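Below you'll find the structure, written out as structure tokens, and then a few comments.
Values in this document were obtained by computation on a predicted structure and should not be read as measured data.
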Amino acid sequence: MEESAGITLPRKEQEQRLGLMLVCVLGTLLFFMAFFSTYYQLVETSGSDLAAHLEWADEYNKWTLLLALLTGNDRLWHACVWLVNRLGVSLVYSGCLVTAGAIVAAYVIYNVLLKRMLRWLDRRLIPFAALTLCLVSAIYMPWYSTAIYMGQSTPNVWHNPTQLMVRPFALIAFWMTVRIYRRLREGDKWPARVFESRGEIVAYAFMLMLTVWGKPSFVQAFIPGLAILMIVDLIRSRGRAFLACFKMACAYIPAVALLLMKFISEFGADAESGIEIAFLDVWSNSTKNIPLSMLLLFAFPLFVFIVDGKRLLTSVEGQLSLSNLAVAVVMKAALAETGSSRYHGNLGWSYGLAAVFVWFVAMRNFLELMFGDRLTGRKYTAVAVIGWTLLFLHLLTGIVYYIKIVSVL
């Protein structure tokens, strides 16, 4: 009896337990990687983004932080670091803990969302897919550019704390939007009741505000992208979708108000810098070939789109991710800051964050193709060989990118 104890669990239960173990093991590995890279940049690297933001966090007090949040400034990372530091943790370790926590939070959210969207998939595969999403970067071609990140961009930065801080909240807001919009389109009835409860309205509006407090790079491209979908559906429904779209748009009012306050404070009449139209000026300053740089970043998602375009174009998450990307590309290509920060690329952060959603949707679809029954025979073999190869190249580059971050090369 002793020897047989513990081996009678159903196969599904065994998969779930192994999946949970992998989530914990891989999540711990990612936390260690994030903690170490942050510590290295704070202690060993001079002039890093993290070090500058850490100094700002140290200069705040509870009243100046509250004022910054109320005026829409992207200071959520600073507030969390300040709070952890006040709990007795040293400033450097506070920065490491908050940054690593934000990265692992995105990893956990990837796990939850993939599990929800692919309920039939082996639970042992999802943690690896989530970790891959946290590591992939643009494919590295050293004969084209010695810089992995600059010019190409990436869904996974290691050096910018505000971008890292906004990502988990942006992923949650993205998924909430998908769920709500799916509900609106059910049966093409465009119901007048958009939200299931008042609590859902409050939670949705608050999550959008958290993204602005984290970094406005999410809403400044996501709102116009969602507006494109709404306009298309208004035309398609001959106006019947107006009430539903209007109610959904009302949830964005607090976030938009915060965003406007931030832009007024940074680019108002008394500000030293502003925004102007300068087509490709900033983008071309960091890359020799913009289309090639985009291809290096989106090679795998583009392949999935070619293979499974109908599925992507008919799903809410596919449409939303692509419309968001389109707006982000236009912003990155057409707009530029005036003043000394012109070529810092601050208006391009939405592009990197848009890549997060495109990669997530592409990964979901690719897993469906690889482990579902929609492809068979030679077509499956061709898609598998090309898809896995591209994904591995992106993952390998992401690992090289991390190594470059934590070493002097």
Give a yes or no on whether the backbone of Gly19 and the side-chain of Arg124 come within a donor-acceptor separation of less than 3.5 Å. no
Check the orientation of Trp388 and Phe371. Use parallel for under 30°, tilted for 30 to 60°, and perpendicular for over 60°. perpendicular
Only residue of Gln220, Gln163, Lys332 satisfying side chain to side chain contact (heavy atoms under 4.5 Å, CB included) with Trp349 is Gln163
Donor-acceptor under 3.5 Å (Thr397 side chain, Tyr140 main chain): yes
Using 30° and 60° as the class limits, which term best fits the ring planes of Tyr93 and Phe35: parallel, tilted or perpendicular? parallel
For Phe303 and Val383: C-alpha separation, side-chain torsions, deciding distance, then whether side-chain contact (heavy atoms from CB on, under 4.5 Å) applies. CA-CA 9 Å; Phe303 173 73; Val383 172; 4.0 Å; yes
Taking all non-hydrogen atoms of both residues into account, name the closest pair between Leu369 and Val307 and its distance. CD1-CG1, 3.9 Å
Is the backbone of Met141 close enough, under 3.5 Å, to the side chain of Ser145 for a donor and an acceptor to pair up by distance? no
Tell me if the aromatic rings of Phe36 and Tyr402 count as close, with their centers under 6.0 Å from one another. no
Of all the heavy-atom pairs spanning Ala34 and Ser37, show the shortest one and how long it is. O-OG, 3.0 Å
Can you see which heavy atom on Val92 is nearest to which on Tyr39, and at what distance? CG1-CD1, 3.8 Å
Let me see the working for Met117 and Trp175 under side-chain contact (heavy atoms from CB on, under 4.5 Å), right down to the final yes or no. CA-CA 11 Å; Met117 301 175 84; Trp175 178 244; 3.7 Å; yes
Between the side chain of Gln152 and the main-chain N/O of Ala147, is any donor-acceptor distance below 3.5 Å? yes
More than 12 heavy atoms of other residues, nucleotides or ligands under 6.0 Å from CG of Leu87: is that the case? yes
Just verifying a value: how many Å separate Cys80 SG and Asn85 CG, rounded to the nearest 0.5 Å? 12.5 Å
Report yes if the side chains of Ile277 and Leu335 come closer than 4.5 Å at any heavy-atom pair, otherwise no. yes
Report the distance from atom CH2 of Trp82 to atom CZ of Arg75, rounding to the nearest 0.5 Å. 15.5 Å
Show, in sequence, the C-alpha distance, side-chain angles and deciding distance for Trp77 and Leu50, and conclude whether the side-chain contact (heavy atoms from CB on, under 4.5 Å) test is met. CA-CA 11 Å; Trp77 183 86; Leu50 278 160; 4.1 Å; yes
Quick check against the 3.5 Å criterion: does Thr162 have a side-chain atom that pairs as donor or acceptor with the backbone of Gly214? no
Find the distance between OH (Tyr181) and CG (Leu226) and round it off to the nearest 0.5 Å. 6.0 Å
Nearest heavy-atom neighbours spanning Ser94 and Val89: OG-O, 3.3 Å
Any donor-acceptor N/O pair, Asn111 side chain to Tyr107 backbone, under 3.5 Å: yes
So do Thr177 and Tyr204 actually touch side chain to side chain, heavy atoms under 4.5 Å? yes
Can you find a pair of side-chain heavy atoms, one from Lys247 and one from Ile201, that are under 4.5 Å apart? no
Heavy-atom closest contact (Ala129 atom, Leu114 atom, distance): CB-CD1, 3.9 Å
Start with the C-alpha gap between Asp308 and Arg374, add the side-chain angles, then the distance that decides, and say whether side-chain contact (heavy atoms from CB on, under 4.5 Å) holds. CA-CA 10 Å; Asp308 203 25; Arg374 289 199 286 139; 3.0 Å; yes
Mind checking whether Trp213 and Phe169 have ring centres under 6.0 Å apart? no
Indicate whether the side chain of Tyr144 and that of Thr287 have a donor and an acceptor atom separated by less than 3.5 Å. yes
Between Ile231 and Cys245, is any pair of side-chain heavy atoms under 4.5 Å apart? no
I'd like to check the ring-ring contact (aromatic ring centres under 6.0 Å, His included) partners of His53; sequence neighbours left out, ordered by chain and number. Trp56, His78
Considering all heavy atoms, the nearest Pro155-Arg167 contact: O-NH1, 3.4 Å
State the CG-CG distance between Leu171 and Leu353, to the nearest 0.5 angstrom. 7.5 Å
Is there a donor-acceptor pair closer than 3.5 Å between any side-chain N or O of Thr211 and the backbone N or O of Phe218? no
Ring centres under 6.0 Å, that's the criterion: do Phe300 and Phe366 meet it? yes
Under a 3.5 Å distance rule, please check whether Gln319 uses its side chain to pair with a backbone N or O of Leu313 as donor and acceptor. yes
So, do Ile306 and Leu302 sit near enough that their side-chain heavy atoms are less than 4.5 Å apart? yes
Hey, is the main chain of Lys12 close enough, under 3.5 Å, to the side chain of Gln14 for a donor-acceptor pair? no
Does the side chain of Ser321 pick up a donor-acceptor pair with the side chain of Trp359 at under 3.5 Å? no
Asp74 meets the side-chain hydrogen bond (donor to acceptor under 3.5 Å, both in side chains) criterion, sequence neighbours left out, with Lys262
Step by step, would you call Tyr401 with Asn156 a side chain to side chain donor-acceptor pair (under 3.5 Å)? CA-CA 10 Å; Tyr401 172 42; Asn156 298 301; over 6 Å; no
CG on Leu259 to CG on Leu208, rounded to 0.5 Å: 11.5 Å
Side chain Ser284, main chain Asp281, donor-acceptor under 3.5 Å: yes
In this structure, are over 12 heavy atoms from other groups packed under 6.0 Å from Tyr380 atom OH? yes
From Met209 CE over to Ile253 CD1, what is the distance, rounded to the nearest 0.5 angstrom? 12.0 Å
In terms of side-chain geometry, is the basic nitrogen of Glu200 or Arg179 positioned less than 4.0 Å from the acidic oxygen of its partner? no
For the residue pair Tyr40 / Ser407, report whether a side-chain donor-acceptor contact shorter than 3.5 Å exists. no
